[in-house]
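First listed ligand is number 1; within each ligand, the first listed atom is number 1. What you see is a predicted model, and the numbers here were worked out from it, not measured in a lab.
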Amino acid sequence: MATFPKDFLWGAATAAYQVEGAADVDGRGPSIWDTFSHAPGNTLNGDTGDVACDHYHRYPEDVALMKEIGLQGYRFSFSWSRLFPNGDLIKNQKGFDFYDKLINEIESAGITPLSTLYHWDLPQMLQDKGGWVNRETVDRFGEYAAAVAQHFGDRIKNIAPINEPWCVSWLGHGLGVHAPGHKDRKEVWAAAHHTVIAHATAMNAMRAVRGDIKIGPVINQANYPADDPQDEYLAHAADLMDAMQNRWWMDAFMRGSYPKVLLEEFGDEILPVIKDGDMELARSKNDWLGINFYFDTRIGKADVANPVQFDPSTVLGLTIDSTPKGELTDMGWPLTPHGLKNLMVRWHKEYGSALPDIYITENGVAYPDGPDAHGQIKDERRIKYLQTHLSALSEAIAEGAPVKGYFQWSLLDNFEWSLGYAKRFGIVHVDYATQERRLKDSAKWYSEVIKSNGATI
Ligand code: PNW
C-alpha cells in the first residue's frame, strides 16, 4: 500500500497554448507557437492550437470536471501574448479579464490554483528581436512577471516562472522540433543560460511586488543509465547527458554554477553568454522545486548515432544508441517508473535539508484509447502508468524525499506540440469535432486515489 503525507496536494496540469484555443480572439497577440505550428511541415497533420480544447470559452465546464474528479490543485499557464500582445507593457484588458474569471472559477470550486508564467508561448514580437537568445528577453520577462504578480498575486500564491527550460533550449534551439525551430548548439547555451537568469529575475521582480508568493522552477528531469557503466565512452556520455538535462538547472539554482564537464567540453560556446554576477543571481533561493517526469533514457553502444525522438545526444556530438527497450507508450517512450524514485532520492541525498519542498508538476502518459460502444474509455494502461509512478513516488517519500504534491499531466487531451492532436495525455477525453468532454476510467481511478490520499493505489 502506498502512503502519502497528510496534506499532500493532488492535482492536474494543462498549459495555455495546448488547451485554450481562441488564438485570435479578444486581442491576443501571436506567439512563437502560432508562427511555428502554422508553418508547413512543423506539426503532424499541420495541427495548430487555434481552437485546441476551446478552454477559453469552455473553462466553466472544465473547472466543473476538475471538481467532479476531486482535484485539490490545478496547474495552468498564462498566455503572455494574451496579457501583453506585443511582449511589452501594453496590457490587453480582455486577457486579464479571462484569467480573472478562470481563477475565480477555480477558487469557487475549492481548488488551489498554481500557475506558470511561460509554457513555451513567447510573444512573436520578442522572437523577432532574437527571443531567448537575446538577453533583452530576460528584462521583458521580469517586467511581465511583476505585472502578473501585481494583478493576480492576491489570489495566486504559487508561481513557476518557466516550464521546462530544458525543452525551451534543447527542443526549441538545438533539435528544432519545438518553436522557434532552430538547430544551433550555440543558441542552445544562450537560451539555457537566459532561462536560468530569467527565472531568477522574475522571482526577484515578483518578490519585490508581493512577499507572499511562493516561487519555484519547473524542470523536466530524467535518468540516463549507461548499459555498461564500465565502458568509458558510455559512462562519459551518460555523465554529459545528465549534466545537460539535470545538473545544468539543479547546479545553477542550488549552487550557482554549471557542470564542469560541460564547461570543459563546450566552454568556448557557453562562457561568452555568462556575464559578471549572473551565477550569483542564478543561485536565488527557491520556495519549492517542480519536477516533471516522463521516462529515463538508456545510453547504449552504437557505431552510428541512433537516438530516440527528442534525443539531444547528437547535438552534443555523441554516438550512442538510446533506443528504448520493452513496452512503449504512444509517444514511443519506455516505462521507467523507478526513475522517478531514483531522482527524488538522489536530490534528497545530495542536498539534504537545503532541498526545497518538491512538487511533481507533471507526470502522465499518452495512449490513444477512446470511447467504446457504451461510451466508456477503458484506459487501463494509463491507470497502470500512474499507479506504478505513484508507488515509486511513495517509496521515495518513505526514504525521506520532501515531495509535497503531484500533478497529473494532463487534465484534458490537448495539443501535443509538434505531434498535434494525435497524442492523448488526458484523463478526460476530448472529442475535437464536438468539443465533448468525457471522463476516462483513469479519471475515475484518480478520484479514488485523491479521496483516499493514495491508499487505493
Ligand atoms: C512536457 N522529452 O514536455 C510539457 O511540459 C507538456 O507541455 C507536454 O505536453 C508533456 O510534457 C508531454 O510531452 C516534454 O523529450 C516534452 O523528454 C519532451 C520531453 C519531456 C517533456
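The two residues Gly142 and Ala205 have their closest heavy-atom pair at O-CB, 3.5 Å.
Within the 4.0 Å heavy-atom criterion, the part of Asn163 lying near ligand 1 is the side chain and not the backbone.
Any N or O atom pair closer than 3.5 Å counts here, and Gln18 shares at least one such pair with ligand 1. Residue-to-ligand polar distances place Trp417 within reach of ligand 1: an N/O pair is separated by less than 3.5 Å.
Pairs engaging residues 160-172 under the side-chain hydrogen bond (donor to acceptor under 3.5 Å, both in side chains) rule: Arg75-Asn163, His119-Asn163, Asn163-Asn292, Glu164-Asn292 [sequence neighbours left out].
Against a heavy-atom cut-off of under 4.0 Å, His119 is close to the following atoms of ligand 1: 4 (C), 5 (O), 6 (C), 7 (O). The ligand atoms of ligand 1 that sit less than 4.0 angstrom from a heavy atom of Glu416 are 8 (C), 9 (O), 12 (C), 13 (O). Under a 4.0 Å criterion applied to the non-hydrogen atoms of Trp333, ligand 1 contributes the atoms 13 (O).
The aromatic rings of His151 and Phe96 sit perpendicular, their planes meeting at an angle over 60°, well past the 30° parallel limit.
Salt-bridge check for Arg155 with Asp100: passed, with a basic side-chain N closer than 4.0 Å to an acidic carboxylate O.
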request  = Applying ring-ring contact (aromatic ring centres under 6.0 Å, His included), run through His173 and Trp132 and close with a yes or a no.
outcome  = CA-CA 9 Å; His173 297 83; Trp132 287 111; 8.6 Å; no
